[in-house]
Amino acid sequence: MSVVDPAAELAEDVVVGPFCLVGPHVKIGAGCRLISHVSVSGHTVLGSGNLMHPGCVLGGPPQDLKWKGEPTRLEVGDRNVFREGVTVNVGTIQDPVSKGTTRVGSNNLLMANSHVGHDCQIGSGCVIANNVMIAGHVHVGDRVIMNGGVGLHHFVTVGDFAYLAGAARIHFDVPPFVKVADDDVVKALNKLGLRRAGRSEEDIAALQTAFRRLFVRRGTPMAEALRGFYTDNGLHPDVKRMVQAVERRATVKNGRYLESLRTAR
């Protein structure tokens, strides 16, 4: 038997399997399926075509002592897959960017027992593998791959097309297009991810050249390497994004730009 609050708004074709719980402030779009033992609570909005496997808890309260029961939110896009035991919490009123709403985009795969903390902003097309731990206030771009057991410090930003190796411990902002392992060690350009996304070989070559200048500096200080890019004419747009991310990380306390917004309040 499942319990669906009469005040919840479900599209006509939503499938609610056995032993599910749907709260009064929940809206679920067309084509969604709750297989069994799924809990959707809080002020939560799910788009269309989402699939929730047994043990998912979406819209649960933040694991944050500052939360005092405010009506914060979770907004989820379309065609996401939440595997067994996934947890995604609503936001808090203290986050200066989220404004109280945790967001998950579209076409993401969240594997078993992964966790998305309060106020996180997750892009689209991401793969978040088993036991990934995403702390509160984290921002993740599009088409990011996080392998099993990755842990992200609160207020970290992860750029588009980043690849985080298994069990990586991420304390600083991750630039777009790179592969990271261990304790924030930038290892390589994510060429395979870029090719799979249909990026041209010219785009990849431009990023590879920039990657070498930034991360294979052979004794050149980071500040000097960054200055060199601003003397280049016609900087490739993706290279500019990478450079700006590295520069921003290098100029804020703790290497986490979003955290600097919190302390500035």
Side-chain angles (χ1 to χ4, degrees), residues 97 121-123 125-128 132-135 137-264:
V97 179
Q121 312 291 298
I122 309 296
C126 299
V127 176
I128 299 174
V132 168
M133 300 166 288
I134 305 178
H137 312 284
V138 169
H139 288 199
V140 177
D142 296 332
R143 301 191 70 128
V144 171
I145 305 295
M146 301 184 191
N147 287 278
V150 166
L152 282 82
H153 193 284
H154 60 275
F155 289 103
V156 156
T157 298
V158 180
D160 295 346
F161 295 97
Y163 178 98
L164 310 183
R169 298 170 298 278
I170 307 300
H171 306 89
F172 309 133
D173 290 351
V174 177
F177 314 118
V178 302
K179 301 174 76 171
V180 178
D182 306 317
D183 276 332
D184 303 292
V185 179
V186 178
K187 293 285 191 178
L189 187 71
N190 185 16
K191 295 179 183 179
L192 180 58
L194 290 164
R195 289 192 177 106
R196 285 175 172 171
R199 305 305 282 269
S200 70
E201 290 302 316
E202 291 78 10
D203 291 341
I204 294 171
L207 284 166
Q208 182 64 52
T209 298
F211 177 88
R212 292 194 187 101
R213 290 172 60 181
L214 287 169
F215 300 106
V216 191
R217 301 190 306 275
R218 303 184 187 281
T220 303
M222 177 61 80
E224 184 177 334
L226 287 168
R227 280 195 300 269
F229 284 97
Y230 295 103
T231 63
D232 293 346
N233 293 320
L235 198 62
H236 189 285
D238 287 341
V239 171
K240 185 175 182 179
R241 290 174 61 197
M242 179 188 284
V243 170
Q244 288 175 336
V246 173
E247 184 176 47
R248 186 170 68 175
R249 181 177 75 171
T251 55
V252 296
K253 184 179 179 181
N254 300 324
R256 297 185 289 271
Y257 172 73
L258 294 170
E259 194 165 25
S260 71
L261 300 181
R262 178 185 69 164
T263 57

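Computation of the quantities below employed the complete heavy-atom set of this structure, encompassing side-chain atoms and omitting hydrogens, waters and symmetry-equivalent molecules. Nothing here was measured: the structure is a model prediction, and the numbers come from that model.
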**Message:** One pair to check against side-chain contact (heavy atoms from CB on, under 4.5 Å): Gln244 and Lys240. What are the steps and the verdict?
**Reply:** CA-CA 6 Å; Gln244 288 175 336; Lys240 185 175 182 179; 3.3 Å; yes
State which residues pass salt bridge (Lys or Arg N to Asp or Glu O under 4.0 Å) with [X]; sequence neighbours excluded, sorted by chain then number.
X	result
Arg212	none
Arg213	Asp232
Asp160	Arg241

Report the residues that fulfil side chain to side chain contact (heavy atoms under 4.5 Å, CB included) with [X], sequence neighbours left out, ordered by chain and then residue number.
X	value
Glu202	Ser200
Met133	none
Arg196	Leu192
Tyr257	Asp173, Arg248, Val252, Ser260, Leu261

Output side-chain donor-acceptor pairs under 3.5 Å for residues 139-147, partner residues at least two apart or in another chain, one line each.
{"residue": "Asp142", "atom": "OD1", "partner": "Ser124", "partner atom": "N", "Å": "2.8"}
{"residue": "Asn147", "atom": "ND2", "partner": "Tyr163", "partner atom": "OH", "Å": "3.2"}
{"residue": "Asn147", "atom": "ND2", "partner": "Leu164", "partner atom": "O", "Å": "2.9"}

**Request:** Find out whether His154 and Leu258 are in side-chain contact, i.e. whether some heavy atom of one side chain is under 4.5 Å from a heavy atom of the other.
**Result:**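 No, side chains not in contact.
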**Item:** Sub-4.5 Å side-chain heavy-atom contact between Asp183 and His171
**Value:**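 In short, these two side chains touch, coming nearer than 4.5 Å.
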**Item:** Salt-bridge contact Glu224-Arg217 (side-chain N to carboxylate O under 4.0 Å)
**Value:** no
Identify every side-chain donor-acceptor pair in residues 174-181 under 3.5 Å, counting partners at least two apart or on other chains, and give the distances.
none

**Message:** Does anything in residues 230-252 form a ring-ring contact (aromatic ring centres under 6.0 Å, His included)? List the pairs, not counting sequence neighbours.
**Reply:**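 The answer is none; no pair qualifies.
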**Message:** For residues 187-219, which residue pairs pass the ring-ring contact (aromatic ring centres under 6.0 Å, His included) check, not counting sequence neighbours?
**Reply:**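 Listed once each, the pairs are Phe211-Phe215.
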**Item:** side-chain hydrogen bond (donor to acceptor under 3.5 Å, both in side chains) involving Arg249 - partner list, sequence neighbours excluded
**Value:**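 Scan of Arg249 (side-chain hydrogen bond (donor to acceptor under 3.5 Å, both in side chains), adjacent residues dropped) gives none.
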**Message:** Which label fits His137 and Phe155: parallel for a plane angle under 30°, tilted from 30 to 60°, or perpendicular past 60°?
**Reply:**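 Parallel: the ring planes of His137 and Phe155 meet at under 30°.
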